[in-house]
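Below is one structure, written out as structure tokens; the observations come after it.
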Amino acid sequence: MTDLPTDPSLASLVDRANLDRTAMHRHLAHGFAGADDGEFYLEYRQTEALVFDNGRLKQATFDTSQGFGLRAVKGEAVGYAHASDLSDQALARAADAVSAVRGGYSGTYAQAPTRTNVRLYGDENPLAAPGFDAKVRLLETIDAYARAKDARVRQVSVSLGATWQVVEILRADGETYRDIRPLVRVNVSVVAGDGDRQETGSYGFGGREAYARFIETDAWHNAADEAVRQALTNLDAVAAPAGEMDVVLGPGWPGVMLHEAVGHGLEGDFNRKRTSAFAGLMGQRVAAPGVTVVDDGTMSLRRGSLTIDDEGTPTNRTVLIEDGILVGYMQDRQNARLMNMRPTGNGRRQSYAHVPMPRMTNTYMLAGERDPGEILSSVKNGIYAVSFGGGQVDITSGKFVFQCTEAYRLENGKVGAPIKGAMLIGNGPDALTRVSMIGNDLELDEGIGTCGKNGQGVPVGVGQPTLRLDRITVGGTG
């Protein structure tokens, strides 16, 4: 695991694959002939994952992958072929396959994406340092620290993960785009027990940089402390109430509910196909006054950020909802063209084996003016949701169900006992109209989000300030 292949950042991926450029351009011309748009997407990726569980190193994996995806777009039709074999023969077969979408139509190839000289992250390979032995020792140290925090800690799982990705995007017009993307994540999970009862807690953090900042002692101490605190808090939790009540959402990670229940509905493809609950509502009020939601891929070092998206378009700060009014969608190139809008730099894919589509980057709600303490004290009967786990959302209807992993009873303006088993049930567009107070404490998550759509997963960020939502259905066990 310590011997890394020749650094692909030093040379074009085309040259590293020993592709004959003359033959390559001939195949690309054949594949793109008559198409409206498309690209030749090359990717080189190194990935590692180390998991320390039950007092021992349970998993240590290292993977190197490379390949290409060739896409031709004509109207709503897409031809896509991919291969891990970077050879002239594989490219020729791919060009034959995608050329079928032209259907005899002689199109005008779309204008190339604009360029940017902005760099949102460095190109350092996080897999290179620290070495494997040092990483294992760190995992052992975190495990021992978490176990020593409290005698009720029964199980600890600590993981490190990193990816180093190099992408190169070639277009039929000769334009080439390139990006080198680091990504790391550290996670600590704890099981605490008291008699027959056991509860869990977890904390993770990461971003588009090397490991250095995340493996500092203060950083992992905080992660382990938070995981233990959450598990012990849940040990004292009582059954959650059920019914319609006011809900206060904490800042930061609870923005995942905004991401799922609202964000997906603002992606261009769902609106073009009119399968989103927000379809046809551009310029109309879809949220309470004061609610402004943005998707911002331009934030330095953030997990969801990209210098360019997977079509070569620079990412943007895209305002989606402004003061409650729907003003924008997240767009890739194809949907933007079909909707007569501009691309917003949200064309993303999981890997070379996947076709790009409109996806979120860092999606969050802007801060308001209320003090968080004022928001909590305003609730007579409700719950305070600090952290969420899994959830389910229907994009077409906007209906959602979210499980709270840390939540508290709110009675007469006071934060009371922790509660267990709380589920928030509602409708995304409707929930936005129920926002009655917006805190001044906007926080972004710690860099742990992965978003799934159509079988593809990509890293994302979420965030929000403290929010009060009036009369939300809470499913509980009490």
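These numbers come from a predicted model, not from an experiment. Values below: every heavy atom of this structure, side chains too, minus hydrogens, waters and symmetry copies.
Under 3.5 Å, the side chains of Tyr177 and Asp309 contain no donor-acceptor pair of N or O atoms. No side-chain donor from either of Asn316 and Thr318 sits under 3.5 Å from a side-chain acceptor of the other. If you check the side chains of Asp295 and Thr361, you find a donor sitting under 3.5 Å from an acceptor. For the residue pair Arg272 and Asn335, a side-chain donor N or O sits within less than 3.5 Å of a side-chain acceptor on the partner. In this structure, a donor-acceptor pair under 3.5 Å is present between the side chains of Arg468 and Ser378. A donor-acceptor contact closer than 3.5 angstrom is absent between the side chains of Thr200 and Asn234. Between the side chains of Ser189 and Asn187, at least one donor N or O sits under 3.5 Å from an acceptor N or O.
Annotation: side chain of Arg45 is in contact with side chain of Thr163 (closest heavy-atom distance under 4.5 Å). With a 4.5 Å cut-off on side-chain heavy atoms, Leu160 and Phe214 do not count as touching. Contact of the Trp253 side chain with the Glu446 side chain is not registered, since no non-hydrogen atoms from C-beta on lie closer than 4.5 Å. Between Ile180 and Tyr121 the shortest side-chain heavy-atom distance does not fall below 4.5 Å. Gln155 is listed as a side-chain neighbour of Asp53, based on a closest heavy-atom distance under 4.5 Å. No side-chain heavy atom of Arg370 sits less than 4.5 Å from a side-chain heavy atom of Pro465.
More than 12 heavy atoms of other residues, nucleotides or ligands shown are found within 6.0 angstrom of NZ on Lys453. Around the CD atom of Glu244, the shell of radius 6.0 Å holds more than 12 heavy atoms that belong to other residues, nucleotides or ligands.
For Asp310 and Arg181, the salt-bridge test passes: some basic side-chain N is under 4.0 Å from an acidic carboxylate O. Ionic pairing of Arg119 and Asp179 is present here: one or more N-O contacts between side-chain nitrogen and carboxylate oxygen are shorter than 4.0 angstrom. With salt bridges taken as basic N to acidic carboxylate O contacts below 4.0 Å, none links Asp225 and Arg229. Checked for salt-bridge contact, Arg152 and Glu199 miss the test: no charged N lies under 4.0 Å from a carboxylate O. The pair Arg333-Glu39 does not meet the salt-bridge criterion, since no charged nitrogen lies less than 4.0 angstrom from a carboxylate oxygen. At a threshold of 4.0 Å, the pair Arg147-Asp143 counts as salt-bridged, since one of the basic side-chain nitrogens sits closer than that to a carboxylate oxygen.
Minimum heavy-atom separation, Val327 to Ile321: CG2-N, 4.2 Å. Counting all heavy atoms, side chain and backbone alike, Ala336 lies closest to Arg342 at CB-C, 3.6 Å. A pairwise comparison of heavy atoms in Thr405 and Gly389 identifies CG2-N, 3.4 Å as the closest pair. Closest non-hydrogen pair, Ile438 versus Gly368, comes out as CG2-N, 3.3 Å. Here the closest heavy-atom approach between residue Ser305 and residue Leu120 is recorded as CB-CD1, 4.3 Å. In terms of heavy atoms, Leu376 sits closest to Val248 at CD2-CG1, 3.8 Å.
A donor-acceptor distance shorter than 3.5 angstrom exists from the side chain of Trp164 to the backbone of Asp123, with no hydrogens or angles considered. A donor-acceptor contact shorter than 3.5 Å is absent between the side chain of Asp63 and the backbone of Thr47. Side-chain atoms of Thr396 come within 3.5 Å of backbone atoms of Thr275 as a donor-acceptor pair (strictly under, hydrogens ignored). At distances below 3.5 Å, not a single donor-acceptor pair connects side-chain atoms of Glu168 with backbone N or O atoms of Leu42. Proximity of a side-chain donor or acceptor of Asp246 to a complementary backbone N or O of Arg471 within less than 3.5 Å is detected. Checking side-chain atoms of Arg409 against main-chain N and O of Gly382 turns up a donor-acceptor pair under 3.5 Å. One N or O on the side chain of Gln350 and one on the backbone of Gly457 form a donor-acceptor pair closer than 3.5 Å. Put simply, the side chain of Asn346 gets close to the backbone of Arg359: a donor and an acceptor are under 3.5 Å apart. Counting only distance, with no hydrogens or angles, the side chain of Arg317 and the backbone of Val294 share no donor-acceptor pair below 3.5 Å. Although no hydrogens or angles enter the test, the distance criterion places a donor-acceptor pair under 3.5 Å between the side chain of Arg185 and the main chain of Ile448.
Between Trp220 and Tyr145, the two ring planes are perpendicular [angle over 60°; tilted spans 30° to 60°]. Classified by interplanar angle (parallel below 30°, tilted 30° to 60°, perpendicular above 60°), the ring pair Phe388/Phe402 is perpendicular.
The CG atom of Leu249 sits 8.5 Å away from the CD1 atom of Ile383 when rounded to the nearest 0.5 Å. Here Leu301 contributes atom CG and Leu183 contributes atom CG; the two are 11.5 Å apart, rounded to the nearest 0.5 Å. Atom CE of residue Met330 and atom CG of residue Leu266 lie 5.0 Å apart, to the nearest 0.5 angstrom. Distance check, rounded to the nearest 0.5 Å: CD of Glu311 to OH of Tyr41 gives 10.5 Å. Summarising the geometry, atom NZ belonging to Lys420 is positioned 12.0 Å from atom SG belonging to Cys404; distances are rounded to the nearest 0.5 Å. Between the NZ atom of Lys399 and the CD atom of Gln392 there is a distance of 13.0 Å, given to the nearest 0.5 Å.
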request  = Could you walk me through whether Arg285 and Thr433 pass the side-chain hydrogen bond (donor to acceptor under 3.5 Å, both in side chains) test, one step at a time?
outcome  = CA-CA 9 Å; Arg285 178 165 295 283; Thr433 68; over 6 Å; no
ask   = Given Met437 and Thr466, is the side-chain contact (heavy atoms from CB on, under 4.5 Å) satisfied, shown in steps?
value = CA-CA 8 Å; Met437 301 177 77; Thr466 298; over 6 Å; no
query = Checking side-chain contact (heavy atoms from CB on, under 4.5 Å) for the pair Tyr203/Gln230: CA distance, chi angles, key distance, verdict?
reply = CA-CA 9 Å; Tyr203 189 87; Gln230 188 180 99; over 6 Å; no
task = Show your working on salt bridge (Lys or Arg N to Asp or Glu O under 4.0 Å) between Arg197 and Asp236 and close with a plain yes or no.
result = CA-CA 10 Å; Arg197 180 171 179 176; Asp236 296 328; over 6 Å; no
